[in-house]
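This report refers to the structure that appears directly beneath it.
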Amino acid sequence: MEIVTEIQKLKRAHNAVILAHNYQLPEVQDIADFVGDSLGLSIQAAGTDARVIVFCGVYFMAETAKILSPQKTVLIPDKDAGCPMADMIDAEQVRALKKANPQAKVLCYVNTTAEVKAECDLCCTSANAVSMVRDVLKNEKYIIFVPDQHLADHVTQQTGQEFIAWKGFCPTHVKILPEHILRQKELHPEALVIVHPECTRGVRALADRVLSTEAMCSFAREVQVRELIVGTEIGVLHKMRAENSDKVFYAATEHAVCPNMKMTTLEKVLWSLQEMRHEIILPQETIYRAKQCIRRMLEYRA
Ligand code: 13P
Ligand code: SF4
């Protein structure tokens with residue numbers, strides 16, 4: 001409790017806002033001003049009046065906040081909280097893809113480094129990938145999609161658009177197997193199944209809905225069934241349970257844990273505000289170039 005009081009005090013003193021991803025530890029979600037998916041967090045980061053943003057998530061998310069609010073101080077409580085999927089492609093590899101496919105537009109998942117975004121035409125999140133390809137890129141014949149092969153495959157299944165796709169993946173989501181879903185369905189035959197698009201095709205094929213983490217939360221609030229099987233990182237269950245005391249949520253597997261998302265603790269949030277660390281610093285040129293591709297995504301939504 002003392003830590004929480006101290007965090008709140010420092011937050012006011014520094015005019016800071018705390019943003020947290022849906023996979024954060026429950027106690028971190030509980031002290032945040034906003035908890036959401038990558039799209040929601042980007043919108044918050046772009047619109048906040050605060051002077052300081054404490055970003056409880058992984059590195060690319062804090063970078064995205066810095067790109068959208070370069071005049072603000074953006075802090076990440078643990079600078080080693082990376083996203084292994086985002087690190088599966090670097091700017092050099094994107095440049096090579098562009099050279100090999102000069103006529104192609106480059107679409108990147110938000111789970112990419114700022115340097116990679118700086119090389120891309122357009123950015124998307126799990127919440128808007130399908131609609132953006134349908135609307136914004138409908139006249140494009142060739143599209144490079146980086147880095148998640150499973151999200152790319154999901155978008156292809158939904159839109160018919162083929163991609164020159166990078167073979168990246170999320171090590172946490174590929175741990176969710178079709179047999180996990182089948183087992184949960186057997187145990188809870190009345191339950192609906194919702195999974196994240198980073199899951200493999202075999203898992204997605206067993207789902208009633210394929211949704212971003214925030215869309216999962218909205219679905220959970222609105223759907224009339226009492227039981228849901230959830231195929232994503234288990235952190236999202238905290239919010240779902242808190243918002244729906246009348247419903248029961250089952251993790252597809254308790255092994256779907258993103259260790260990087262769990263690196264942020266309350267202590268680290270406190271130290272972050274006490275010492276203004278770890279500040280996200282990016283070259284102006286990278287901010288400028290990466291901003292174009294994120295802006296196009298945010299404008300599309302508006
Ligand atoms: P969402 O944008 O759906 O929250 O997903 C982010 C992420 O890192 C999924 O693994
Ligand atoms: Fe990256 Fe997967 Fe963790 Fe999301 S769950 S941050 S994609 S490693």
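Atoms within a ligand are numbered from 1 in the order they appear, just like the ligands themselves. What's counted below: heavy atoms across the whole structure, side chains too, no hydrogens, waters or symmetry copies.
Heavy-atom neighbours of R241 CZ from other residues, nucleotides or ligands within 6.0 Å: above the threshold of 12.
Each of the atoms 1 (P), 4 (O), 5 (O), 6 (C) of ligand 1 lies under 4.0 Å from some heavy atom of H21. Applying the 4.0 Å criterion to heavy atoms of S126 picks out, from ligand 1, the atoms 1 (P), 2 (O), 3 (O). Contact atoms of ligand 2 toward E198: 2 (Fe), 7 (S) (distance under 4.0 Å to a heavy atom of the residue). Interface atoms of ligand 1 facing N111, defined by a heavy-atom separation under 4.0 Å, are 7 (C), 8 (O). Residue contact check: S212 has heavy atoms under 4.0 Å from atoms 3 (O) of ligand 1. Atom numbering of ligand 2 starts at 1 in the shown order; those under 4.0 Å from a heavy atom of N111 are 7 (S).
Between E233 and ligand 1 there is no heavy-atom distance shorter than 4.0 Å. Look at H173 and you'll find a heavy atom under 4.0 Å from some atom of ligand 1.
Pairs engaging residues 165-174 under the side chain to side chain donor-acceptor pair (under 3.5 Å) rule: Y23-H173, H173-E198, H173-T232 [sequence neighbours left out].
Taking a cutoff of 4.0 Å between a charged side-chain nitrogen and a carboxylate oxygen, R296 and D121 do not qualify as a salt bridge. Look at E119 and R95 and you find a salt bridge, because one of the NZ, NE, NH1 or NH2 atoms lies within 4.0 Å of a carboxylate O, short of that distance. Taking 4.0 Å as the cut-off between side-chain N and carboxylate O, K66 and E63 do not count as a salt-bridged pair. Salt-bridge check for K11 with E6: failed, with every basic side-chain N at 4.0 Å or more from each acidic carboxylate O. Contact check on E233 versus K262 returns a salt bridge, with a Lys/Arg side-chain nitrogen under 4.0 Å from an Asp/Glu carboxylate oxygen.
Under a hydrophobic-cluster definition in which Ile, Leu, Val, Met, Phe, Trp and Tyr are linked whenever side-chain heavy atoms come within less than 4.5 Å, directly or via other members, V203 and V236 are assigned to different clusters. Note: the hydrophobic cluster containing Y109 does not contain V146 (ILVMFWY, side chain heavy atoms under 4.5 Å, direct or indirect links).
When heavy-atom distances to ligand 1 are checked against a 4.0 Å cut-off, T125 has no atom that comes that close, whether in backbone or side chain. For S38, heavy-atom contacts with ligand 1 shorter than 4.0 Å involve the backbone as well as the side chain. Contacts of H196 with ligand 1, taken as heavy-atom pairs under 4.0 Å, involve the side chain alone.
In terms of protein heavy atoms, atom 10 (O) of ligand 1 is closest to E198 OE1, 2.8 Å.
At least one N/O-N/O distance between T213 and ligand 1 falls below 3.5 Å.
Side-chain polar atoms of S212 and D37 form a donor-acceptor pair below 3.5 angstrom.
Results of the side-chain contact (heavy atoms from CB on, under 4.5 Å) test with I67 over R295, K291, Q292 single out K291 as the only residue that passes.
For atom 3 (Fe) of ligand 2, protein N, O or S atoms closer than 2.8 Å were enumerated as C258 SG, with waters left out.
In this structure the side chain of H21 reaches within 4.5 angstrom of the side chain of L41, judged on heavy atoms.
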